[in-house]
Amino acid sequence: MGSSEADKPLRRIAASFEELAAVAKQQPPGAMDAAAFSCACSNVSVLFGCLGIAFKFAEKDYVAKVDDLLEASKSISTLPSMVELDIQKDTVRTVGSHTRNLLRVKRGIDMVKVLFEKMLVTEGNSLRDAASVAYAQVFAPHHGWAIRKAVAAGMYALPSKSQLLKKLNEDEESAKAQLQNFVRSSAPVIRYVEDLFTSRNLGIDW
């Protein structure tokens, strides 16, 4: 088993979110760098890929939205600037807008955070309970019946916890620290993005 950072996606994810959390925790919060945020979120893509068919829709949607933010970050330096530009153009809720994509990416990060929280407290080798709770809490309210039904069926094809950790080059003990790191560091980042929306009266439930 390799020990380099490249072989340890969980460590890369946790480290990149710790850097974002430092910005989110500033008082007043700093203007979060759009490229740093997008790169950190792109690190998370590997997780959706490891979860199999149940989260195939999420992987496809998430990767496309992150790619859009990465591209936008070449010309827009910060997340607040990104949102302000869409407000000025009146395109906040337009399909494909950077702001709409940012909200969808935030939701993906939220789902992974809840998944990790549940994995940390769930006994046994099954991911089904943790993944079901994460999906129900974050994605299900925004999905129609057909997608919810497909995801429920896909839950039976989830890898086991040990299979997932093997794909991520971790054992249970080493993974635990990284899961905790991500839960801790992603919380202020999620809050930061939500505040970008609520402070501008854009809402986050759409």
Side-chain angles (χ1 to χ4, degrees), residues 2-26 28-51 55-86 91-92 95-117 134 138-139 164-165 167-170 174-175 177-197 202 204:
S3 58
S4 73
E5 281 297 288
D7 296 333
K8 305 277 191 180
L10 274 185
R11 293 167 199 220
R12 203 165 57 244
I13 292 165
S16 59
F17 271 83
E18 280 169 6
E19 290 173 19
L20 295 179
V23 177
K25 288 176 181 173
Q26 289 171 8
M32 192 172 289
D33 184 80
F37 175 84
S38 305
C39 286
C41 293
S42 71
N43 289 335
V44 177
S45 302
V46 66
L47 281 169
F48 286 109
C50 290
L51 289 171
F55 287 94
K56 202 70 196 162
F57 77 91
E59 181 191 11
K60 201 172 168 189
D61 189 61
Y62 179 85
V63 169
K65 305 287 191 280
V66 170
D67 284 349
D68 172 73
L69 297 184
L70 278 167
E71 190 58 35
S73 72
K74 293 176 183 175
S75 57
I76 305 170
S77 59
T78 68
L79 294 187
S81 304
M82 206 178 270
V83 174
E84 289 298 339
L85 278 170
D86 278 336
T91 54
V92 167
V95 173
S97 80
H98 304 318
T99 301
R100 186 178 187 275
N101 288 346
L102 174 61
L103 183 59
R104 299 302 188 273
V105 168
K106 189 277 302 184
R107 220 165 266 160
I109 299 302
D110 213 352
M111 203 281 311
V112 173
K113 174 178 169 282
V114 178
L115 175 70
F116 284 3
E117 284 172 342
V138 179
F139 284 138
L164 176 64
L165 297 185
K167 286 182 185 179
L168 297 170
N169 267 338
E170 302 284 353
S174 66
Q178 302 310 322
L179 299 185
Q180 288 170 333
N181 285 347
F182 180 81
V183 168
R184 188 173 58 246
S185 59
S186 63
V189 178
I190 291 167
R191 206 158 45 240
Y192 177 94
V193 175
E194 289 177 348
D195 286 347
L196 273 185
F197 283 77
L202 301 176
I204 55 172

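All heavy atoms count here, side chains included; hydrogens, waters and symmetry mates do not.
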Original post:
Could D61 and K65 be called an ion pair, given the rule that one side-chain N must be under 4.0 Å from one carboxylate O?
Top reply: yes
Original post:
When you check the gap from the basic side-chain N to the acidic O, do E194 and R191 get nearer than 4.0 Å?
Top reply: no
Working to the nearest 0.5 Å, report the span between [atom1] of [X] and [atom2] of [Y].
X	Y	atom1	atom2	answer
F37	T78	CZ	OG1	12.5 Å
L168	K8	CG	NZ	10.0 Å
N43	L10	CG	CG	11.0 Å

**OP:** Verify whether one side chain among D86 and H98 offers a donor that lies under 3.5 Å from an acceptor in the other.
**Re:** no
Subject >> Polar side chain donor-acceptor pair, R184 to N181, under 3.5 angstrom >> reply: yes
Original post:
Mind checking whether F139 and F48 have parallel, tilted or perpendicular rings, split at 30° and 60°?
Top reply: tilted
**OP:** Determine, stepwise, if the pair L47 / F116 fulfils side-chain contact (heavy atoms from CB on, under 4.5 Å).
**Re:** CA-CA 11 Å; L47 281 169; F116 284 3; 3.5 Å; yes
Measure across [X] and [Y] and return the closest heavy-atom pair with its distance rounded to 0.1 Å.
X	Y	result
L85	I76	CD1-CD1, 3.7 Å
L20	A40	CD1-CB, 3.5 Å
S186	K113	OG-CD, 3.4 Å

Subject >> Verdict with supporting geometry, S45 and S42, side chain to side chain donor-acceptor pair (under 3.5 Å) >> reply: CA-CA 5 Å; S45 302; S42 71; 5.8 Å; no
Original post:
Would you find a donor on one side and an acceptor on the other, under 3.5 Å apart, between the side chain of Y62 and the backbone of I109?
Top reply: no
